[in-house]
Amino acid sequence: TPAEKLVLAAAPYPSTRALLDDSLLAVLDAQLAGRAPFTSSGFERLRQEVSAGLVDALFETVSLTARVLDAARAADKAISATSSLALMAPLADARAQLDALVFPGFVRATGVAQLRRLPVYLAGIAYRVERLAGNPGRDRQWQTEVEQAVALYRDAGGQLPLPPDADPRLASVRWMLEELRLSLFAQPLGAAGPVSVQRIRKALAA
């Protein structure tokens with residue numbers, strides 16, 4: 001749509017074409033699901049299967065990406081609109097969270113399945129920032145929990161932003177960090193299941 005085109009043009013990619021290429025790779029990753037044929041006939045069957053739904057899946061993914069970028073813009077606006085020396089630390093944390101979610105190459109690095117949760121994570125940033133001044137002490141306590149979880153993740157080799165070739169176990173924990181943030185800073189938005197620093201520690205040790 002015209003509105004989506006405007007949003008996509010402001011994406012953190014060198015060009016809209018680069019974003020579309022990245023989205024295409026994300027769709028291929030999802031449809032291939034790790035399958036690698038070893039015969040020409042197997043390759044042809046897989047090619048036909050993927051090609052059949054490729055265009056529709058690409059349009060759906062690009063539309064979802066536009067929703068993500070729109071939510072990112074709202075989160076950025078909320079952070080920029082809040083100016084207080086007393087809130088510098090949580091605002092810096094919110095900015096770092098935003099930058100680790102939306103960056104050049106984020107569509108494929110995130111993956112089509114997880115991309116559906118990004119608008120919620122980004123809405124969680126805006127929700128937190130808009131309520132920061134009401135109880136900064138409570139926010140500090142919650143941020144301490146998040147910092148503990150992030151430290152565990154990094155000590156295990158995890159990176160932020162998530163690289164496209166991340167170990168599946170670390171990738172799973174990376175998204176647990178976002179669900180933890182929701183459960184603390186934006187409870188009404190709803191985390192995807194129970195999550196805590198202890199659960200993250202257990203997942204990394206598995």
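All residue numbers in this chain count up from 1 along the given sequence. Values reported hereafter were calculated over all heavy atoms of this structure, with side chains retained and with hydrogens, waters and symmetry mates removed.
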- Query: Is there a side-chain contact (heavy atoms from CB on, under 4.5 Å) between Leu118 and Thr65 once you walk through the steps?
  - Reply: CA-CA 9 Å; Leu118 255 62; Thr65 300; over 6 Å; no
Closest non-hydrogen atoms of Ala123 and Leu189, given as atom of the first, atom of the second and distance, are C-CD1, 3.7 Å
May I have the step-by-step check of salt bridge (Lys or Arg N to Asp or Glu O under 4.0 Å) for Arg140 and Asp93, ending in yes or no?
CA-CA 11 Å; Arg140 268 195 305 273; Asp93 179 65; over 6 Å; no
In short, Thr16 meets Leu8 closest at the heavy-atom pair OG1-O, 4.2 Å
Note to self: Pair Glu178, Gln97 - check side-chain contact (heavy atoms from CB on, under 4.5 Å), show working.
What the structure shows: CA-CA 9 Å; Glu178 295 300 326; Gln97 181 188 2; 2.8 Å; yes
Check: So do the side chains of Gln159 and Leu170 get within less than 4.5 Å of each other, counting heavy atoms only?
Finding: no
The reported gap from CD in Gln31 to CG in Leu28 (rounded to nearest 0.5 angstrom) is 7.0 Å
Q) So does Arg117 pair up with Glu179, basic N to acidic O under 4.0 Å? A) yes
### Query
Is any side-chain N of the basic residue among Arg35 and Glu49 closer than 4.0 Å to the acidic one's carboxylate O?
yes
Notebook entry, point to check: So Leu69 and Phe106, side-chain contact (heavy atoms from CB on, under 4.5 Å) or not? Walk me through it.
Noted result: CA-CA 11 Å; Leu69 293 169; Phe106 81 91; 4.1 Å; yes
So CG of Leu204 and CG of Leu152: to nearest 0.5 Å the spacing works out to 6.5 Å
**Asked** Got a donor-acceptor contact below 3.5 angstrom from the Ser172 side chain to the Pro168 backbone?
**Response** no
Closest non-hydrogen contact found for Pro90 with Leu132 is CB-CD2, 3.7 Å
Correct closest heavy-atom pair for Tyr13 and Phe103 would be CE1-O, 4.2 Å
**Min side-chain heavy-atom separation Leu20-Leu24 under 4.5 Å** = no
Subject >> pair Tyr153-Leu160: side-chain heavy atoms closer than 4.5 Å >> reply: yes
What one should report as the nearest heavy-atom pair of Met176 and Ala203 is SD-CB, 4.0 Å
State whether the side chain of Ser51 and the backbone N or O of Gln48 hold a donor-acceptor pair below 3.5 Å, judged by distance alone. no
Rounded to the nearest 0.5 angstrom, the CZ-CD distance for Arg154 and Glu147 is 11.0 Å
So CG of Leu91 and CE of Met88: to nearest 0.5 Å the spacing works out to 8.5 Å
Quiz item: Applying the 4.5 Å side-chain criterion to the ILVMFWY set and letting contacts propagate, would Leu54 and Leu32 be lumped into a single cluster?
Solution: yes
Output for pair (Asp29 CG, Arg108 CZ), nearest 0.5 Å, gives 4.0 Å
With no hydrogens and no angle check, is any side-chain donor or acceptor of Glu4 less than 3.5 Å from a backbone partner on Thr1?
-> yes
For Ile200 and Ala149, the nearest pair of non-hydrogen atoms, with its separation, is CD1-CB, 3.8 Å
Does a side-chain N-to-carboxylate-O contact under 4.0 Å join Asp70 and Arg73?
yes
Between Arg128 and Gln143, does the side-chain hydrogen bond (donor to acceptor under 3.5 Å, both in side chains) criterion hold? Intermediate values first, please. CA-CA 11 Å; Arg128 174 195 182 183; Gln143 186 170 328; 3.0 Å; yes
Is it true that Arg95 and Asp76 make a salt bridge, defined as a side-chain N closer than 4.0 Å to a carboxylate O?
yes
Can you check whether Leu98 reaches Leu122 side chain to side chain, under 4.5 Å on heavy atoms?
yes
Can you label the angle between the Trp175 ring and the Tyr121 ring as parallel, tilted or perpendicular, going by 30° and 60°? parallel
Rounding to 0.5 Å, atoms CD (Gln148) and CD (Gln198) come to a distance of 8.5 Å
- Query: Under the side-chain contact (heavy atoms from CB on, under 4.5 Å) criterion, do Leu162 and Thr110 qualify, and how do the steps go?
  - Reply: CA-CA 7 Å; Leu162 185 72; Thr110 302; over 6 Å; no
Margin query: Could you check whether Arg131 makes a cation-pi contact with Tyr127, meaning its NZ or CZ is under 6.0 Å from the centre of the six-membered ring and within 45° of the ring axis?
Written below: yes
